[in-house]
Trainee: 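Handing you this structure, nothing more for now.
Labels below follow one simple rule: chain letters A, B, ... track the order of the sequence lines, proteins then strands, and each chain is numbered from 1.
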Amino acid sequence: MPDKGLGQLGDGLLLCAVVVYALAMLGYAAEQASSGARRRVTSVRAASSVLVGSGPPVTVPAETVTVQAPSRAGRAAFVLTCAGWIVHLTSIVLRGFAAHRVPWGNMYEFSSAAAFVAVTAFLGMVVRGRIDRALGAFVMLPVVLYLGLASSLLYTAAGPLVPALNSYWIKIHVAAAILASGSFLLSGVVALLYLLRSRFDVRPTARFPVSLGRQLPTAAALDRMSYTIIAFAFPVWTFAIIAGAIWAESAWGRYWGWDPKETWSFITWVLYAGYLHARATAGWKGRKAAWVAVAAAGALVVDYYVVNIFVVGLHSYA
Amino acid sequence: MTEVDEATRLTTQPAPVQQPRRGDPFGPLRLGWRQLTSMRTALLLLFLLALAAVPGGFLPQSKINPIRVSEYVRDHGALGRLMQRVGLFDVFTSVWFSAIYLLLFVSLVGCLVPRTRLHLRALRSRPPKVPKTLKRLPVSDGWTTERPVDAVLDDARGALRGWRVERRGSELSAEKGYLRETGNLVFHVSLVLLLIGVALNAFYGFKGTVLVTEGKGFSNTLAFYDNVQPGRRFNPASLVPFTVGLKSFHATYADDGKALTFDADIDWSRAGGATKPYDLQVNHPLVINGAKTYLIGHGYAPHIVFRDVDGTIIDDSPVPCLPQDAQFLSTCVIKEASTKGKQFGFRGVFTPTTVTDASRRVGSSFPGLRLPALTLVGFTGDLGVDGGTPQSVYSLDTTSMKAVDGGQAHALRPGQTWKLPGGGSLTYVDTRQWATFQVTQDPSRRVMLIAAIGIVGGLLLSLFVRRRRVWVRAGDSQDGPTTVEVGGLSRTDPERFASEFADLVSSMRGEQRA
Ligand code: HEM
């Protein structure tokens, strides 16, 4: 039987994590605002910094980067994010113990876990120097909204699973789906920021929200980040779909039946395949590809919210 | 193509569409083919495919939910009928959806064949010649040394362990990461394989469902199934011979009515073989020689006894009722056609845990059997079953019948009997359960598994293996020091390649100092 007290503790901790994330978001925003107002140091980083030897000048396109003054608000925000991450992790683990199963059995838990993946990916990429801390505000905003929505609208008390979900494939399929969708959400944010920044590059005098582009990493860097995340998430998503098909075969007796959930997963998959082709095709690089990434993330959100809540199908268990 | 272009083309992606030569009689055809197999067309078709699937994700589909489709069409009048005509409720079997994915796959095959040829050639060929100007490459370096050319090139070879290296005179060409394109091809070929699997199942597969009440069973032959979906070329002789009997069905529920477990306790045997027991559960189908039997539904079947006017029992059987909501309020139809006098029909609901609201409507508040009741309205007259038109056992046509007791509903609890006016009676004895089974024979399973592995494996290779080239040129000046030039190229992840290149260079130079 589910453990009520433990479950409630987990729910409470999730709310704490949301509050801490929200504070972190404010910190990042303060950092952005102050660095934008005071000093913007623009420097040219040449790729020769990574080369040794006294060779001829290097021809890697030099990049203009904005070096931000390390701000106290920004550092505090990062520490808060880490703290929120730990609280968030604890809440997920408690859920699992409370319900005696993997903590991703309904939409509430799924949302929490996907947001956790997005925060983890963000923190990991900051630590490895693959993403700019300055993006924190833009990452935390959707995470906070997402979790807020999860703990209010989608709330489900910890409990056992319906028989159709009672299979080890849920561990595999849903874990992969969470990993991929958390990453896709992050890449969607980065792709939007890319659009903002590349617009800003063309019209530096434009007003809000394009003016936000000033504080962002270069368009090329954002483009690369979003590609890196998608290149990681796409095989995981592919695997999640295949695992889902195998599970459907054992639970419902067919691999694929164009159930609304399956259909939207398919649409999402095709759009990301389109993104990868777009990047490989001249004339489709850059903004067009970024729009595809944004549309694909949109399809993911439809897959997730609209289908689970409004469309009747085999997956409407949550 | 210039020499540099040739060497630095690190992909087997087909070249952009070229105009055909003038005077070529097949010119337009050739051009059309090239257009179709171009990357840009593939991209367009991919987007079209996603777009075409969208109505299937929002609108009810008749394969899944025919009732909601007909409601939708009824509620939307002419628009609904138009939508139905253009296939918006059958998106995935519609002409336009099929046309898009077939074109996409034609394009894919047209793209794969030349790419595979190119890649096979690349696998066998030597890394391309050193470009004239190494400085023009994305990363390059150079130095001078006292060591002779041969020693310099040997050192370079040592640093390039694991690469495919080719020496031409005083130059080295090296390449690595061929698996990227191999993976890409495996991935795309596996997509074709997946489609072949789907087609195999559509032609030779079989799916049948059957409702079985406790104590009864079925054989895997067409006659037993309530509903069959055979493939277009399906041969009934290929049905695996076996029989299944349902001994009992158990469901357990949490206090809030959420289902916890379903178990169908069955006996099964191959034709002429011994009988074996099996506990059939939702995620554990029974597999017999490739035929899989699934538990896909369940419900209640109140066991009734019907006595004719003279008291003889003419019906003694469970009546499967169809569940309508999560608490298993179920609709039931009973037909008594072999009476001596007028025929009888009954229509009503079965409620496993019966509650009655203020307006005396019956409902069910829990899916388990806590307070079962069978609430029926009776009709008498002509059931219309002898007219030749086939009737569903789940519907009652009362056009030539008259309501019994003025249409008043009678609620029966187990063991209770409804004495009909004018003789005869209906007894609700006890409650049995039924389960629906689905039997699937899918000849594509192995192909699908291979395709799935190829898709994931190929993707991983094609996204994470980096293909790159490095060139070394040792300048052979007569008596002065040797000048060394190194250059490199990678399509993906330039930052990682730059640091890898830096390591290579320092290793080439470090060894020479030793
Ligand atoms: C069923 C439709 C298709 C799907 C789902 C699909 C999917 C993909 C995916 C996911 C990738 C990414 C792998 C990577 O970046 O290396 C890819 C790459 C690629 N696809 Fe497709 N593809 C399809 C059809 C086609 C067609 C028709 C062509 C030929 C015109 C094609 C040519 C390519 C090429 C050349 C690449 C490698 C891009 C590069 O990195 O240079 N694909 N495809």
Trainee: On a heavy-atom basis, which atom in B/Pro494 and which in A/Arg224 lie closest, and how many Å separate them?
Mentor: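 Shortest heavy-atom separation between B/Pro494 and A/Arg224 comes out as CD-CD, 4.5 Å.
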Trainee: Output the distance between atom CG (B/Leu194) and atom CD1 (A/Ile242), rounded to the nearest 0.5 Å.
Mentor: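 Between B/Leu194 CG and A/Ile242 CD1, I get 8.0 Å after rounding to 0.5 Å.
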Trainee: Using 30° and 60° as the class limits, which term best fits the ring planes of B/Phe97 and A/Trp258: parallel, tilted or perpendicular?
Mentor: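 Aromatic pair B/Phe97/A/Trp258 classed perpendicular.
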Trainee: Restricting to non-hydrogen atoms, name the atom on B/Met39 and the atom on A/Ala280 that form the minimum distance, rounded to 0.1 Å.
Mentor: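 The pair with the smallest heavy-atom distance is CE-CB, 3.7 Å.
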Trainee: What distance do B/Leu463 atom CG and A/Thr228 atom OG1 have between them, rounded to the nearest 0.5 Å?
Mentor: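 That separation rounds to 11.0 Å.
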Trainee: Of the backbone (N, CA, C, O) and the side chain (C-beta and beyond), which part of B/Lys63 lies under 4.5 Å from a heavy atom of chain A, both, or neither?
Mentor: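 Neither part.
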Trainee: Side chain from CB out, backbone as N, CA, C, O: work out which of these in A/Trp256 comes under 4.5 Å of a heavy atom of chain B, or both, or neither.
Mentor: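 For A/Trp256, neither part sits under 4.5 Å from chain B.
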Trainee: Which pair of heavy atoms, one from A/Ala251 and one from B/Asn283, lies closest together, and at what distance?
Mentor: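 Of all heavy-atom pairs spanning A/Ala251 and B/Asn283, the closest is CB-OD1, 3.1 Å.
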Trainee: Heavy-atom cut-off 4.5 Å, strictly under: side chain, backbone, both or neither for B/Tyr253 against chain A?
Mentor: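 Contact with chain A is absent: no heavy atom of B/Tyr253 under 4.5 Å.
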Trainee: What part of B/Leu104 gets within 4.5 angstrom of chain A, counting heavy atoms only: side chain, backbone, both, or neither?
Mentor: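 Neither part; nothing is under 4.5 Å.
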Trainee: Is the ring pair A/Trp264/B/Phe58 parallel, tilted or perpendicular, if the boundaries are 30 and 60 degrees?
Mentor: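 Judged by the thresholds at 30° and 60°, the geometry between A/Trp264 and B/Phe58 is perpendicular.
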Trainee: Locate the shortest heavy-atom distance separating B/Gly57 from A/Pro260; write the atom from each residue and the value.
Mentor: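 Result for this residue pair: O-CB, 4.2 Å.
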Trainee: Which answer fits B/Ala53, side chain, backbone, both or neither, if we ask what part of it has an atom under 4.5 Å from a heavy atom of chain A?
Mentor: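 Both backbone and side chain.
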Trainee: Within a reach of under 6.0 Å around CZ of A/Arg287, are more than 12 heavy atoms found that belong to other residues, nucleotides or ligands?
Mentor: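 Enclosed: over 12 neighbouring heavy atoms sit under 6.0 Å from CZ of A/Arg287.
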Trainee: Of the listed residues (A/Phe232, A/Trp284, A/Phe239), which shares the most heavy-atom pairs with chain B below a 4.5 Å separation?
Mentor: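 Heavy-atom pairs under 4.5 Å are most numerous for A/Trp284.
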Trainee: Under 4.5 Å from any heavy atom of chain A, what part of B/Asp256 do you find: side chain, backbone, both or neither?
Mentor: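 Neither; nothing under 4.5 Å.
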Trainee: Hey, could you give me the OH/CG distance between A/Tyr275 and B/Leu46, rounded to the nearest 0.5 Å?
Mentor: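 Those atoms lie 15.0 Å apart.
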Trainee: Under 4.5 Å from any heavy atom of chain B, what part of A/Thr263 do you find: side chain, backbone, both or neither?
Mentor: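 The side chain, not the backbone.
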Trainee: Can you tell me how far the CH2 atom of A/Trp237 sits from the CG atom of B/Leu459, to the nearest 0.5 Å?
Mentor: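 Output value for this atom pair is 14.0 Å.
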Trainee: May I ask you to name which of B/Thr440, B/Ile296, B/Val54 has the most heavy-atom pairs under 4.5 Å with chain A?
Mentor: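 Heavy-atom pair counts peak at B/Val54.
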Trainee: Once you round to the nearest 0.5 Å, how far does CD of A/Glu262 lie from CD1 of B/Ile64?
Mentor: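 One gets 7.5 Å once the value is rounded to the nearest 0.5 Å.
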Trainee: Which heavy-atom pair separates A/Pro235 from B/Leu460 by the least distance, and what is that distance?
Mentor: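 A/Pro235 and B/Leu460 have their closest heavy atoms at CB-CD2, 3.7 Å.
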Trainee: Just verifying a value: how many Å separate B/Met448 CE and A/Glu249 CD, rounded to the nearest 0.5 Å?
Mentor: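 Here the rounded value is 10.0 Å.
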Trainee: At a heavy-atom separation under 4.5 Å, does B/Asn201 approach chain A through its side chain, its backbone, both, or neither?
Mentor: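 For B/Asn201, neither part sits under 4.5 Å from chain A.
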Trainee: Can you tell me which portion of A/Val292 sits under 4.5 Å from chain B's heavy atoms? Options are side chain, backbone, both or neither.
Mentor: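 The answer is the side chain of A/Val292.
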Trainee: Is the backbone N or O of B/Arg445 less than 3.5 Å from a side-chain atom of A/Tyr255, with the two atoms forming a donor-acceptor pair by type?
Mentor: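 Absent.
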